[in-house]
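Only this structure's heavy atoms are used, side chains among them; waters, hydrogens and symmetry mates stay out. These numbers were taken from a predicted model, which means no experiment stands behind them. First listed ligand is number 1; within each ligand, the first listed atom is number 1.
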Amino acid sequence: MTIALKNVTVSYRRRPAIHHVSAEFASHHATAIFGPNGAGKSTILKTLMGFLKPDTGHVELDGLRRAQIAYMPQAAQIDRTLPVTVLDTVLTGAWCTTGAFGGVGRAGLQRAAQALADVGLHGFERRSIGELSGGQFQRVLFARILMQDAPLILLDEPFASVDAKTTFDLLAFVRRWEAEGRTVIAVLHDYEQVRAYFDTTLLLAREVIAFGPTETVLTEANLARANHIATHWQAHPPVCVVPEQEAA
Ligand SMILES: Nc1ncnc2c1ncn2[C@@H]1O[C@H](COP(=O)(O)OP(=O)(O)OP(=O)(O)O)[C@@H](O)[C@H]1O
């Protein structure tokens, strides 16, 4: 299985967030996406999910349906004021097989309970998600991914605002998923975490700065180039004029 972006440009109001990005993500492997704020990292995940449509190029999912992709958005983007329980949140991970109104049955409930136990939240089923700490909520999001049981897992800043112990516990799932033969693509903002836990990194700054073994990608020269590009385009965001034949 190869997940690939081929010459992909994605724009918001004609301003490209990612520009002619090509990248092939090795199957059964965990890859980090790293880069400065506004580099287009989340945009890549949303494009893989089909939430955003490329202006140029295309995405290859090697036969996977969108329902076979587990996507964890940034926790900050999820409204936790809604009166939703922990169990209901985890059960949404089964929607891709049951549909939003299909029942999960006893087996599904047992799987959800097991997923919560696996992430260290046994007994939290009936709690409202609004009552949880940031780290506990992040564990719930991991339990939802466990519930989905997908071959491709996309994580958007899964360790943002969680403490070292929670990060350590949750990183073990990334290792476990890799060992189970799943493909993991994770957006991270912590340089040390990427270096410590991911062998392969895509360094992004609207375009691909480098992609490959982490130690050859996260060099001072590459990081300086990424920061330079990010600073420049934030000050002068270009309008992308896509030639017609590229857009096709
Ligand atoms: N919904 C949107 N409407 C308009 N512009 C957007 C939208 N979402 C993202 N952008 C812009 O696209 C660019 C890339 O955003 P994206 O969220 O993909 O970056 P990122 O690398 O994930 O950033 P961060 O590290 O800050 O989360 C940014 O300049 C951002 O302002």
Side-chain angles (χ1 to χ4, degrees), residues 3-23 25 30-59 66 69-80 134-135 137-138 141-142 145 152-162 167 170-171 174 184-198 200-212 214 217-218 222-242 247:
I3 305 302
L5 299 165
K6 303 270 179 170
N7 188 35
V8 169
T9 299
V10 176
S11 306
Y12 300 98
R13 287 181 230 105
R14 292 185 60 217
R15 300 202 183 277
I18 54 173
H19 204 226
H20 298 288
V21 167
S22 292
F25 298 94
T31 301
I33 302 181
F34 187 75
N37 285 138
K41 304 181 294 295
S42 300
T43 299
I44 284 195
L45 298 192
K46 289 173 185 169
T47 305
L48 288 170
M49 276 307 290
F51 298 154
L52 299 170
K53 192 173 169 314
D55 302 330
T56 69
H58 65 280
V59 169
R66 303 282 176 196
I69 310 174
Y71 169 63
M72 182 189 294
Q74 290 180 19
Q77 291 176 351
I78 300 174
D79 183 358
R80 289 216 277 140
F137 184 61
Q138 207 61 44
L141 296 182
F142 269 75
I145 300 277
L152 172 61
I153 298 171
L154 309 179
L155 308 173
D156 199 346
E157 303 216 358
F159 314 118
S161 334
V162 297
T167 301
L170 296 180
L171 272 163
V174 176
V184 180
I185 304 173
V187 168
L188 297 181
H189 69 272
D190 186 312
Y191 171 85
E192 295 301 339
Q193 273 169 13
V194 176
R195 287 183 68 88
Y197 293 99
F198 289 80
T200 307
T201 300
L202 166 61
L203 176 61
L204 189 73
R206 196 179 66 124
E207 59 197 61
V208 176
I209 303 297
F211 188 21
T214 298
V217 166
L218 296 186
N222 284 341
L223 291 167
R225 194 166 148 237
N227 286 328
H228 174 77
I229 290 174
T231 309
H232 180 73
W233 98 70
Q234 275 168 17
H236 310 284
V239 171
C240 187
V241 179
V242 179

Exercise for the section: Look at ligand 1 and say whether G35 reaches it with a heavy atom at a distance under 4.0 Å. Expected result: no
Practice task
Work out whether the distance between some heavy atom of R206 and some atom of ligand 1 is less than 4.0 Å.
Solution key: no
Which option wins on minimum heavy-atom distance to [atom]: [options]?
atom	options	result
atom 21 (O) of ligand 1	K41, R13, K46, R15	K41
atom 22 (O) of ligand 1	S42, S11, G38, A39	S42
atom 24 (P) of ligand 1	L188, V10, N37	N37

Exercise for the section: Check H189 against ligand 1 and report side chain, backbone, both or neither, counting heavy atoms closer than 4.0 Å. Expected result: neither
Exercise for the section: Tell me which part of Q74 gets within contact of ligand 1: side chain, backbone, both or neither, using heavy atoms under 4.0 Å. Expected result: side chain
Problem - Donor-acceptor under 3.5 Å (R66 side chain, L48 main chain) - result: yes
Handout entry: Test side-chain contact (heavy atoms from CB on, under 4.5 Å) applied to Y197 and L188, step by step
Key = CA-CA 11 Å; Y197 293 99; L188 297 181; over 6 Å; no
Practice task
May I ask you to check whether A17 has an N/O atom sitting below 3.5 Å from an N/O atom of ligand 1?
Solution key: no
Problem - Student check: side-chain heavy atoms of V194 and E192 closer than 4.5 Å - result: no
Practice task
Give a yes or no on this: more than 12 heavy atoms of other residues, nucleotides or ligands lie within 6.0 Å of atom NE2 of H58.
Solution key: yes
Completion exercise
Hits for side chain to side chain contact (heavy atoms under 4.5 Å, CB included) against V162, two or more places apart or cross-chain, chain-then-number order -> Q138, F159, T166, T167
Handout entry: Within the 6.0 Å centroid threshold, strictly below: F34 and F198
Key = no
